[in-house]
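In listed order, ligands and their atoms are each counted from 1.
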Amino acid sequence: MVAEDRQPVPDEPDVDLTRPNAARMYDYYLGGDAHFAADREAADRALARFPHAAGSARANRAFLDRAVRACLQKGIRQFLDLGSGVPTVGNVHEIAHHHDPEARVAYVDNEPVAVAHGDRLMAENPLVTVTLADLRNPREVLAAPGVAGLLDFRQPVAVLMVAVLHFVSDEADPTGIVATYREALPAGSALVLSHISDDQPTEELAAPHRAVAEVYRTSSTPAHLRDYPAIAALFTGFEVLAPGVVDARHWRPDEPRALEQDPCGFYAGVGWLPRPSA
Ligand SMILES: C[S@@+](CC[C@H](N)C(=O)[O-])C[C@H]1O[C@@H](n2cnc3c(N)ncnc32)[C@H](O)[C@@H]1O
């Protein structure tokens with residue numbers, strides 16, 4: 001699975017491409033072209049320890065798709081996608097615009113290559129923005145022109161933190177970060193979240209996630225595994241929609257037989273801020 005580096009693009013940001021990075025490794029798992037030799041080398045080491053990594057990434061993306069559709073069904077038309085990654089198939093704005101061409105999507109990522117790819121793709125779309133920012137600074141993110149200038153926080157917003165909080169250390173206080181975003185949201189808003197975990201039903205299912213986390217230690221984006229209670233606690237202040245916080249593969253699957261498949265390793269859920277009853 002070794003691809004040639006694609007041609008550099010004129011507005012490519014100046015980043016250290018000699019160190020692997022989660023955004024570009026994830027793009028490699030998903031078959032994109034926004035990765036470089038160091039990313040592929042690290043991703044191949046991860047795949048050697050967890051051959052299902054690519055399937056797991058796809059299961060996470062499929063959860064994202066179903067969760068965004070669930071938000072649309074709840075009447076939400078605005079999305080703040082934090083840690084959005086390199087644009088790939090089934091981006092949030094594509095899912096949302098399929099249901100409502102007027103939906104607004106603000107993408108945020110702190111990886112310059114991912115943001116450059118997003119910028120090029122979305123440049124012509126006034127309902128979509130891409131912002132280079134660190135989600136660990138919620139006030140800066142919420143005030144950024146691409147976020148504050150696009151989203152109306154008097155109307156419901158779905159905040160997406162999909163496969164990203166495991167890149168946030170305990171010291172950075174992920175629970176406090178989520179709470180700050182929650183406080184900015186009106187009733188009728190939602191939190192869509194997934195998080196990798198080694199808290200799995202068997203040691204055989206758990207061990208590969210620890211081995212992969214070891215690989216990420218060498219990257220610019222070390223991973224922090226959390227257990228199920230710590231991940232469920234990230235939904236504090238939200239009403240968790242059925243079926244609760246479960247393996248991403250098992251969250252409202254389109255195909256019922258997915259419930260019989262092994263977990264993909266991401267715990268996932270959708271939290272909701274109920275509207276006050278009349
Ligand atoms: C595994 S990818 C997930 C992409 C997408 N959310 C998905 O689930 O398909 C994680 C993304 O989070 C981004 N990321 C990691 N830490 C971040 C931070 N502190 N602020 C913003 N983005 C971050 C990475 O650059 C990467 O693009």
inquiry  = So for ligand 1, is Val162 a polar contact partner (N or O within less than 3.5 Å, distance only)?
reply    = yes
query = What's the shortest distance from atom 27 (O) of ligand 1 to any protein heavy atom, and which residue and atom give it?
reply = Asp109 OD2, 2.6 Å
Residue Arg61 vicinity, atoms of ligand 1 by number, heavy atom under 4.0 Å = 5 (C), 7 (C), 9 (O)
ask   = Between CG of Leu142 and OG1 of Thr180, what distance do you get to the nearest 0.5 Å?
value = 8.5 Å
remark   = Counting heavy atoms under 4.0 Å, the part of Ala114 that contacts ligand 1 is neither
task = Using a strict cut-off of 4.0 Å, indicate which atoms of ligand 1 neighbour a heavy atom of Asn60.
result = 7 (C), 8 (O), 9 (O)
inquiry  = List ligand 1 atoms under 4.0 Å from Glu111, heavy atoms only on the residue side.
reply    = 25 (O)
ask   = Would you say His99 has more than 12 foreign heavy atoms packed within less than 6.0 Å of its NE2?
value = yes
query = If you measure from each heavy atom of Ser84 to ligand 1, is any distance below 4.0 Å?
reply = yes
note = Interatomic distance, CD@Glu203 vs CG@Asp198, rounded to 0.5 Å, equals 8.5 Å
query = Yes or no on side chain to side chain contact (heavy atoms under 4.5 Å, CB included) for His209 and Ile196, after CA distance, side-chain angles and deciding distance?
reply = CA-CA 8 Å; His209 298 300; Ile196 201 79; 3.9 Å; yes
ask   = Which residue and non-hydrogen atom of the protein lie closest to atom 11 (C) of ligand 1, and at what distance in Å?
value = Gly83 O, 3.5 Å
ask   = For ligand 1, which atoms sit closer than 4.0 Å to a heavy atom of Ala133?
value = 20 (N), 21 (C)
ask   = Which of the atoms in ligand 1, numbered in the order shown and given with their element, are less than 4.0 Å from a heavy-atom of Asp134?
value = 18 (C), 19 (N), 20 (N)
query = Which residue holds the protein heavy atom closest to atom 7 (C) of ligand 1, what is that atom called, and what is the gap in Å?
reply = Tyr26 OH, 3.4 Å
message = Which residue and atom name correspond to the protein heavy atom nearest atom 12 (O) of ligand 1, and how close is it?
response = Val164 CG2, 3.3 Å
key: Asp247 (side chain) donor-acceptor with Cys264 (main chain) under 3.5 angstrom   = yes
task = Among all protein heavy atoms, pick out the one at the shortest distance from atom 14 (N) of ligand 1; state its residue, atom name and that distance to 0.1 Å.
result = Asn110 OD1, 3.5 Å
Positive for side-chain contact (heavy atoms from CB on, under 4.5 Å) with Leu80, one of Thr131, Leu185, Leu135, Leu151 = Leu151
remark   = Short version for Ala163: what comes under 4.0 Å of ligand 1, heavy atoms counted, is both
task = Say whether Val86, considering both its backbone and side-chain N or O atoms, lies within less than 3.5 Å of an N or O atom on ligand 1.
result = no
task = Return the orientation label for the Trp251 and Phe63 ring planes: parallel under 30°, perpendicular over 60°, tilted otherwise.
result = perpendicular
message = Could you walk me through whether Arg69 and Asp254 satisfy the salt bridge (charged side-chain N to carboxylate O under 4.0 Å, His left out) test, starting with their C-alpha distance in whole Å, then the side-chain angles of each, then the deciding distance to 0.1 Å, before giving a yes or no?
response = CA-CA 11 Å; Arg69 284 191 270 131; Asp254 289 330; 3.0 Å; yes
query = Looking only at heavy atoms, is any part of Ser194 under 4.0 Å from ligand 1, and if so is it the side chain, the backbone, or both, or is it neither?
reply = neither
key: Rounded distance [0.5 Å steps], OG1 in Thr88 versus CG in Asn91   = 6.5 Å
Whether Tyr107 and His93 hold their rings parallel, tilted or perpendicular, with breakpoints at 30° and 60° = perpendicular
inquiry  = On a heavy-atom basis, which atom in Pro138 and which in Tyr181 lie closest, and how many Å separate them?
reply    = CA-OH, 3.4 Å
key: Any N or O of Leu135 closer than 3.5 Å to N or O of ligand 1   = yes
